[in-house]
Amino acid sequence: MDTISENRCFGGTQGVYRHRSTACDCDMTFGLFLPQEAREGPVPVLWYLSGLTCTHENAMVKAGAQGWAAEQGIALVFPDTSPRGAGVADDDAYDLGQGAGFYVNATETPWAPHFRMWDYVAEELPALLGARFALDLDRQAITGHSMGGHGALTLAMGLPGRYRSVSAFAPICNPTQSEWGQKQLRAYLGADTGQWSAHDATLLMEAQGFDGPVLIDTGTDDQFFDLLGTAAFAGAAADRRQPAQIRLQAGYDHSYFFVSTFMEDHIAFHAQALYA
């Protein structure tokens with residue numbers, strides 16, 4: 001693992017690291033914030049998955065998360081959103097290819113050799129971090145924004161017992177019924193829609209739910225509101241009697257101004273579960 005940078009941050013350290021990924025068969029970069037408590041022993045972990053066009057850097061510099069995480073003694077992991085590099089397949093559209101991994105294991109050409117973001121986030125990166133840094137992997141939570149909110153919800157429900165809590169900012173909740181989802185799932189997983197259900201948070205909520213608390217914030221002025229499927233997910237949660245807070249925030253859009261406004265709430269929400 002190569003250290004790209006390490007900076008003092010709210011008493012802890014904000015690092016950026018690069019390593020060779022077996023899952024994605026390319027070099028991958030991630031950010032990791034360690035609070036000062038990590039000098040004394042392992043600390044709980046909150047994963048933050050970013051959205052379309054983002055890298056590890058967007059949330060790391062725009063979300064204002066480190067200060068709140070430092071108050072709670074929680075580490076933050078900021079993975080990249082896709083494999084990258086000259087040999088990695090890409091597309092001219094912003095919502096497919098590099099920067100748009102959708103947190104799935106692709107099975108279709110030309111994506112299958114590298115686009116294995118589910119395995120990367122669920123298996124490879126946690127093992128790497130646990131071996132190198134003072135992280136308590138028995139206490140994990142997950143959040144994300146937009147495409148990353150989709151990833152957070154599907155990973156949380158797809159890996160029962162892994163995460164103590166899940167939250168999301170303007171997540172893509174029902175991708176099998178949305179232009180933000182159908183295009184990507186068809187490209188990465190093929191035309192058999194039966195293969196898509198494991199990556200649709202609304203269908204997962206209907207089928208099995210989540211074994212912990214859920215928090216979702218979406219702005220009423222989100223310019224992509226009709227693509228997100230918030231109402232479908234809320235209905236599935238209600239039908240299942242899933243403990244969940246699904247909040248519509250008046251006047252907020254899809255930007256990091258929105259994310260940073262409610263980041264304190266989300267980190268406090270996760271801290272309650274991580275320290276229970």
Test ring pair (Phe, Tyr, Trp, His ring centres under 6.0 Å) applied to His56 and Phe78, step by step:
CA-CA 5 Å; His56 69 280; Phe78 303 100; 8.6 Å; no
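Here the straight-line distance linking atom CG of Asp25 with atom CZ of Arg20 works out to 5.0 Å at 0.5 Å rounding. Taking CG of Leu135 as the start and CG of Leu34 as the end, the distance is 6.0 Å to the nearest 0.5 Å. For the atom pair Leu185 CG and Asp192 CG, the distance stands at 12.0 Å (nearest 0.5 Å). From Asn174, atom CG reaches atom CG of Leu227 across 11.5 Å, with rounding to the nearest 0.5 Å. In this structure, Met157 CE and Glu206 CD are separated by 10.0 Å, a value rounded to the nearest 0.5 Å. Rounding to the nearest 0.5 Å gives a distance of 12.0 Å between CG of Asp211 and OH of Tyr163.
Side-chain contact between Arg164 and Gln140 is absent, with no heavy-atom pair separated by less than 4.5 Å. When side chains are defined from C-beta on, Arg162 does not count as touching Ile142, because their heavy atoms never get closer than 4.5 Å. No side-chain heavy atom of Cys24 sits under 4.5 Å from any side-chain heavy atom of Phe115. The closest side-chain heavy-atom distance from Phe30 to Tyr120 is below 4.5 Å. Two residues are said to be in side-chain contact when any heavy atoms from C-beta on lie closer than 4.5 Å; Thr230 and Ile246 meet this criterion.
In this pair, Tyr188 and Trp111 present their aromatic rings perpendicular. The plane angle is above 60°, beyond the 30 to 60° band. Ring geometry for His145 versus Tyr256: interplanar angle over 60°, hence perpendicular rather than tilted (30 to 60°). Ring orientation note: the planes of Tyr17 and Phe133 are tilted relative to one another, at an angle of 30° to 60°. By the 30° and 60° cut-offs, the orientation of the rings of His266 relative to His270 is tilted. The aromatic rings of Tyr48 and Phe169 sit tilted relative to each other, their planes meeting at an angle between 30° and 60°. The aromatic rings of Tyr252 and Phe258 sit tilted, their planes meeting at an angle between 30° and 60°.
When all heavy atoms of Cys9 and Gln66 are compared, the pair lying nearest together is SG-CB, 3.7 Å. Nearest heavy atoms, Gly41 versus Ala134: O-CB, 3.9 Å. In terms of heavy atoms, Ile216 sits closest to Pro171 at CG2-CD, 3.7 Å. Minimum heavy-atom separation, Met117 to Thr81: CE-C, 3.8 Å. Among all heavy-atom pairs drawn from Pro35 and Gly73, the shortest one is CG-C, 3.6 Å.
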Could you tabulate the donor-acceptor pairs under 3.5 Å formed by side-chain atoms of residues 94-106, not counting sequence neighbours?
| residue | atom | partner | partner atom | Å |
| --- | --- | --- | --- | --- |
| Tyr94 | OH | Trp180 | NE1 | 3.1 |
| Asp95 | OD1 | Lys183 | NZ | 2.7 |
| Gln98 | NE2 | Gly85 | O | 3.2 |
| Gln98 | NE2 | Val88 | O | 3.0 |
| Tyr103 | OH | Ser50 | N | 3.3 |
| Tyr103 | OH | Ser50 | O | 2.8 |
| Asn105 | OD1 | Asp119 | N | 3.2 |
| Asn105 | ND2 | Asp119 | OD1 | 3.0 |
| Asn105 | ND2 | Asp119 | OD2 | 3.3 |

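For the residue pair Gln249/Asp217, the side-chain donor-acceptor check at 3.5 Å is satisfied. For the residue pair Thr176 / Asp200, a side-chain donor-acceptor distance below 3.5 Å is found, with atom types taken as modelled. Side-chain contact of Glu124 with Ser21: a donor-acceptor pair under 3.5 Å is present, judged by distance alone.
The pair Asp265-Arg247 meets the salt-bridge criterion, since a charged nitrogen lies less than 4.0 angstrom from a carboxylate oxygen. One finds no salt bridge joining Arg18 and Asp27 here, because no Lys/Arg side-chain nitrogen approaches an Asp/Glu carboxylate oxygen to under 4.0 Å.
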